[in-house]
Amino acid sequence: MSKKKVLKRTGIIVISVSITLFISWQLLKELKIESFVVDSIHTELNHYFEDSVHFQIEDMSFRVLAKRINLENVKINLIDDRKDTLASLELPNLNLSWDKYSETFNNQFFKFNTLALQKAKLLLPFDFDKIKRTTASRPSFEGRFELEIKELRVEGGEILFYDEQNSKTGRVKTEYNLFAQDLKFKKGEIPHKFQDVAKDIFLEFHNMSYYLQDNLHKVDIKKLSFNLFKQDITIKSAHFRPIHSPEKFAELKGDQANHIDIYLDSIRLNSMKWQGDSMFSANTIFTNNIELKVTKDKNYPLPDDRFVPVLIEVLKDSKISIDVRKCKVENMNLSYFEIPDGTQKIGTVSITNIEGEISNITNRKDSIEKHGDELVIKASGNLYDKGKLIADIRYDLTSNYGYFKVAGSLEPMSIGAINQYMSKSTPVEITSGQVDELYFTYSGGNKAVHGEMQFKYSDLKIEFNKILNEEEKGDKALSWLANVALSQQNPRKNGKFRIGEIQFNRDTRKSMFSYWSNSLVSGFQSTVGVKKASRVEKLETENDDKNIWQKLGFGKEDESE
């Protein structure tokens, strides 16, 4: 037989064998491998979920030399009794690779190098209780084999969380990436936590958008990432804001409501634990670069049935067990805009460069017993970018009526700065005046407070700008009388120092910001003479040597010494 004929016959045999092997592989793949994979996963999913699970794979390719398996268009749907989709997973491409056949397929032990998923799409309800699940009574795949995956990657994925299927609100849409190392599923064992199946799991969300159920507010988050084992979460560029302008928002609400717009450049939660809607805890929360803007239009009525609780009432009434050891705030700017009743003028209160710390935020009895019964807020900021305002607020976590106490001070500044708010809400304008020293302390509960204000000021003069009785001279007369009747300085020239009384009964329909600010206004009015003083003392020159806490009545020296 000639060499040419031998080569021809060999070629025909090789081609025939190749075609036979290909057809055999396709039949084996379709009838055996795909069937085994689909049936096994389908059986397992229905074992863990009471609802009906539909599982399918459109195509599977086995690349021998490349040591890789590709699955295309994998779909898992969880269907309820009404045939509605409760949850779903779509995988356009799943890639599974390994290094050595001898290590990967060895006596019921499978060890893969990489499991990569591209553009995985998830549909999930916010409330996982909507999905009926059962606790595993046996190991995964009945302990038939062990599985190890060195690296799991999900890139370019999308998730849609929903409250109600047919509602446009209460929905979160986000992109995500997932990375996990050293996944292990041991034969005969039921995993109970993430640490049982992986060395490390890292999840990152991008461009998250959430429309609240009230159809009035929206939350946007540029980036949210967390490590499930270290339990640290980092949030970048979070923005909570109403969908509408302050004017449209007030019109839609139909009553007095705070239009709140808050932007947080970054938030970091350290050692966070979260169990659905039953428990939340964190060691430290760090926040940085916050812009908080609040607008209220008083041309709308206050609802009679509204009750705004104080902070510890919110904690006590919460169904969630909360325990946060510390929350640190850096570089926060607060702006409050108020439109008084009967006008469209806007009064403004601003505090910039706020630095502070809130500690012992909890409603757990064991935490209160261990760390104390006070929630403490310590903060400082620049009032109207002028004087530094310092406050120490302490809530009694065991109180049944929201008891708290406040101590603070204001550094020297021009009193005229408060005209940005006062002249818009009252007919009074401060034409001159200087804060020399100001200290205050008061306490109370959710309905009333009482305390004192020690306020040194000088050169105080006011003017009535609103024309009364249609005559300008009436304003001038009132201004003159007011400046004669009110003390233009404190202490007076005779050395008498008027100590203001802080006394205010709260309208529980209004916010805590209104409560605190009006409490301080009552002390200011009492100091200048609009209301009765708490007491009048002869100023002692040695008082200037005392620190802030001694001036507020704390840490006084024993008179016997």
Compare every heavy atom of [Y] with every heavy atom of [X], then report the nearest pair and how far apart it is.
{"X": "Ala87", "Y": "Pro125", "value": "CB-CD, 4.4 Å"}
{"X": "Asn360", "Y": "Ser367", "value": "OD1-OG, 4.2 Å"}
{"X": "Tyr384", "Y": "Thr348", "value": "OH-O, 2.7 Å"}

#### Entry: Leu292: which of Leu334, Ile354, Asp261, Asn333 passes side chain to side chain contact (heavy atoms under 4.5 Å, CB included)
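Between Leu292 and the candidates, side chain to side chain contact (heavy atoms under 4.5 Å, CB included) is satisfied uniquely by Leu334.
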Rounded to the nearest 0.5 Å, how far does [atom2] of [Y] lie from [atom1] of [X]?
{"X": "Gln213", "Y": "Asp163", "atom1": "CD", "atom2": "CG", "answer": "4.0 Å"}
{"X": "Phe286", "Y": "Lys328", "atom1": "CZ", "atom2": "NZ", "answer": "5.5 Å"}
{"X": "Arg325", "Y": "Ile361", "atom1": "CZ", "atom2": "CD1", "answer": "8.5 Å"}

### Query
Is a side-chain donor-acceptor pair under 3.5 Å present for Asn77 with Thr85?
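Thr85 vs Asn77: no donor-acceptor pair found between side chains.
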#### Entry: Short side-chain donor-acceptor distance under 3.5 Å, Tyr515 and Thr508
no
Under 3.5 Å, side chain of [X] to main-chain N/O of [Y], donor-acceptor pair present?
{"X": "Asp232", "Y": "Ser271", "result": "yes"}
{"X": "Thr114", "Y": "Ser97", "result": "no"}
{"X": "Ser522", "Y": "Ser519", "result": "yes"}

### Task
Please identify each residue that fulfils side-chain contact (heavy atoms from CB on, under 4.5 Å) with Lys223, with sequence neighbours left out.
Glu204, His206, Ser225, Lys236
### Task
Given side-chain hydrogen bond (donor to acceptor under 3.5 Å, both in side chains), test Asn93 with Asn70 step by step and report yes or no.
CA-CA 7 Å; Asn93 184 275; Asn70 284 341; 5.1 Å; no
